[in-house]
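Right, one structure below, let's go through it.
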Amino acid sequence: MENFQTLMMQYIKEHKLLEAGDNVLVGCSGGIDSMVLLYFLNSIKNELGISVAAVHVDHMLRGEESREDRLFTEEKAKQWGIKCFSRAIPIPEILEKKGGNKQQLCRTERYAYFLEVMDQTGATKFATAHHADDQLETILMSGLRGSLQDGSFGMRTIRPFGRGYLIRPQLAVVKDQIAAYAKVQDILYREDSSNAEAAYTRNRLRQHVLPLLKEENDRVSQNFVELAEDMQQDQQFLQELAEQKVARIIKVENEEIILSAKSFRVEAHALQKRMVLLLLNYLYNPKQVPLTRQLVEQMQEMLQSSSGTVFLHLPQNYIAIRQYDEVLLSRQSQETVTEPTSSIITENWTPIYQGRQYKVMPTARQEQIENAATWYFQAPENASFFLRSRKPGDRILLAGMNHPKKLSRLMIDEKIPVPKRESWPVITTDENELLLVPGIRASALVSRQKRDGDNWVLIEQNL
């Protein structure tokens, strides 16, 4: 008992998990780990100057057994003079309606309730009963799944949670020490029958792998707790450095990310994977979209060169395009382009296309229009004008050039993303002379100032 208490107090002080004035909410299942933690924290609350409350969730997965767990937790908390908050959450009913992973749904619903109670009570710390053996199991499971690649290494001793912090003071001890403390203090608890089910990977590790490891070294769990702390400190340093690097090399415009492949490549390899993850996190929430090792490696490989054009399709209809050195991350449009192959432009506004509308009229009838740009040009009085998508072979005569330039070359020079080129609008005469490539360049045939002979005016209004 003394060993348990000494280890716990040393760990709490060393990691600054609790301080005077803390309102601590303890997650209690009714099992031995959480009941010991609740009892222990309640026994030292006066010494540390903290207050303690309990919270319990009945997932309604084990019928009467789980209901009795709830009643037991409430009763023991009452005996110890501890306020207890509890709720029954109909997980089977939610699963039937929404589907999904049972374990993940339980955790999501459970932690949502914990946060609700924290807000309700003004709790500053939320304590869970994970111990050193749990940490070893967690790291082994992550290794089996291959999820150590995401930068995490085990459970953190303390992390932000709601308006306070989640803490794990029992990482200081192993299961046997918890059981010994429970026996000496005569702490009653409930056994969850699902803990013995071999269908769960964690249970198989606990029953078969951990005993073998402890035969080799009975301090293996404590060693992994210390290893996790060292790794997490290194990870935090590298993550913060990667965030600084990414912030310096990217430019965010209209929900698109632009960067230089060369600026990425010069960074240390240890930072590159973290930088890729950060870039992807700008696009979507990784908790909703799993980021696989393959995707991260493909993205990293894409950024290792500045030659040619490379496409990489990402989850949720995003795309990464590296065109020579420039890299663009953006969402592909799901909208069907409504622009017809050739839409005539008259003195009435065209439909709005890419945030702009157009009209063409004789200069003699020119109107003064707010927020509009005007281009003057000369054309026959009976000429027609069109707004259409670009066609193969389109050329445009630019100021200072003797010969028209291929529109495809102009778009490359102007770094227009490849997916946008085919539907990019152009404005032409009925002789297929390009007057304007909106948002890119105007032809030498038009002028912002009226010249002698100019008898038409093209008006563009941004909306």
Side-chain angles (χ1 to χ4, degrees), residues 253-254 256 258 260-262 305-311 321-328 330 333 337 339-347 350-351 353-364 366 372-462:
E253 293 181 353
N254 300 321
E256 297 179 338
I258 304 169
S260 157
K262 181 180 179 181
S305 172
S306 292
S307 60
T309 300
V310 179
F311 297 83
I321 303 170
R322 180 182 56 72
Q323 186 174 350
Y324 302 103
D325 184 60
E326 184 176 86
V327 181
L328 174 73
S330 64
S333 174
V337 177
E339 173 67 23
T341 303
S342 183
S343 175
I344 193 167
I345 308 178
T346 66
E347 293 185 37
T350 63
Y353 188 67
Q354 293 188 352
R356 302 180 179 95
Q357 59 183 2
Y358 301 89
K359 64 168 64 177
V360 174
M361 63 182 63
T363 54
Q366 181 179 356
T374 55
W375 287 272
Y376 299 92
F377 61 98
Q378 185 176 12
E381 291 183 5
N382 61 348
S384 299
F385 310 98
F386 300 91
L387 172 66
R388 62 168 173 80
S389 300
R390 57 167 288 211
K391 296 178 180 178
D394 275 343
R395 293 174 179 266
I396 183 171
L397 182 64
L398 299 176
M401 298 184 68
N402 295 323
H403 302 286
K405 183 173 185 173
K406 286 184 178 180
L407 183 55
S408 59
R409 183 71 250 177
L410 175 64
M411 289 190 163
I412 292 172
D413 294 345
E414 295 292 330
K415 303 187 184 305
I416 303 302
V418 176
K420 296 183 178 182
R421 294 178 193 170
E422 293 304 316
S423 61
W424 201 278
V426 296
I427 294 175
T428 74
T429 68
D430 48 11
E431 298 294 327
N432 260 341
E433 296 173 309
L434 265 64
L435 301 176
L436 179 69
V437 183
I440 302 180
R441 296 286 292 277
S443 162
L445 301 176
V446 302
S447 170
R448 298 302 297 275
Q449 302 296 323
K450 189 173 182 299
R451 303 162 297 189
D452 291 342
D454 286 340
N455 59 336
W456 291 95
V457 58
L458 167 65
I459 304 173
E460 175 191 71
Q461 186 176 43
N462 284 303

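This chain uses plain numbering: 1 for the first residue, then up along the sequence.
At distances below 3.5 Å, not a single donor-acceptor pair connects side-chain atoms of Thr350 with backbone N or O atoms of Ile345.
Here the CG atom belonging to Leu387 is positioned 6.0 Å from the OG atom belonging to Ser343, to the nearest 0.5 angstrom. Note that OG of Ser260 and CD1 of Ile258 are 12.0 Å apart. Values are rounded to the nearest 0.5 Å. Annotation: the span from Leu458 atom CG to Lys359 atom NZ amounts to 11.5 Å, rounded to 0.5 Å. Here Ile412 contributes atom CD1 and Gln323 contributes atom CD; the two are 6.5 Å apart, rounded to the nearest 0.5 Å. Here CD of Gln357 is found 9.5 Å from CG of Asn462. Values are rounded to the nearest 0.5 Å. In this structure, the separation between CD on Gln461 and OH on Tyr358 is 11.0 Å, given to the nearest 0.5 Å.
Under the ring-ring contact (aromatic ring centres under 6.0 Å, His included) criterion, Phe385 pairs with Phe377, Trp456, sequence neighbours left out. Looking at residues two or more places apart in sequence or on another chain, you find no side chain to side chain donor-acceptor pair (under 3.5 Å) involving Thr374. In this structure Lys262 satisfies the salt bridge (Lys or Arg N to Asp or Glu O under 4.0 Å) test with no other residue, sequence neighbours excluded. Listed by chain and number, the residues in a salt bridge (Lys or Arg N to Asp or Glu O under 4.0 Å) with Asp394 are Arg388 (sequence neighbours excluded). Glu326 meets the side chain to side chain donor-acceptor pair (under 3.5 Å) test with no other residue; sequence neighbours excluded. For Glu460, the salt bridge (Lys or Arg N to Asp or Glu O under 4.0 Å) criterion is met by Arg356, not counting sequence neighbours. In terms of the side chain to side chain contact (heavy atoms under 4.5 Å, CB included) criterion, residue partners of Glu381 (sequence neighbours excluded) are, by chain and number, Asn455. Among residues two or more places apart in sequence or in another chain, the side chain to side chain contact (heavy atoms under 4.5 Å, CB included) test is passed with Glu433 by Thr429, Glu431, Leu445. Qualifying salt bridge (Lys or Arg N to Asp or Glu O under 4.0 Å) partners for Arg448, counting only residues two or more places apart in sequence or in other chains: none. With sequence neighbours left out, the side chain to side chain contact (heavy atoms under 4.5 Å, CB included) criterion links Asp454 to Tyr376, Gln378, Lys450, Arg451.
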Side-chain polar contacts of residues 434-442 - donor-acceptor pairs under 3.5 angstrom, sequence neighbours left out - could you list them?
none

Show me the side-chain donor-acceptor pairs of residues 401-410 shorter than 3.5 Å, one per line, residues at least two apart or across chains.
residue	atom	partner	partner atom	Å
Lys405	NZ	Asp413	OD2	2.6
Arg409	NE	Asp413	OD1	3.2
Arg409	NH2	Asp413	OD1	3.1

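Heavy atoms only, all atoms of each residue included: Ser330 and Glu256 are closest at CB-CG, 3.5 Å. The minimum heavy-atom distance between Ser305 and Ala261, with the atom names listed, is O-CB, 3.7 Å.
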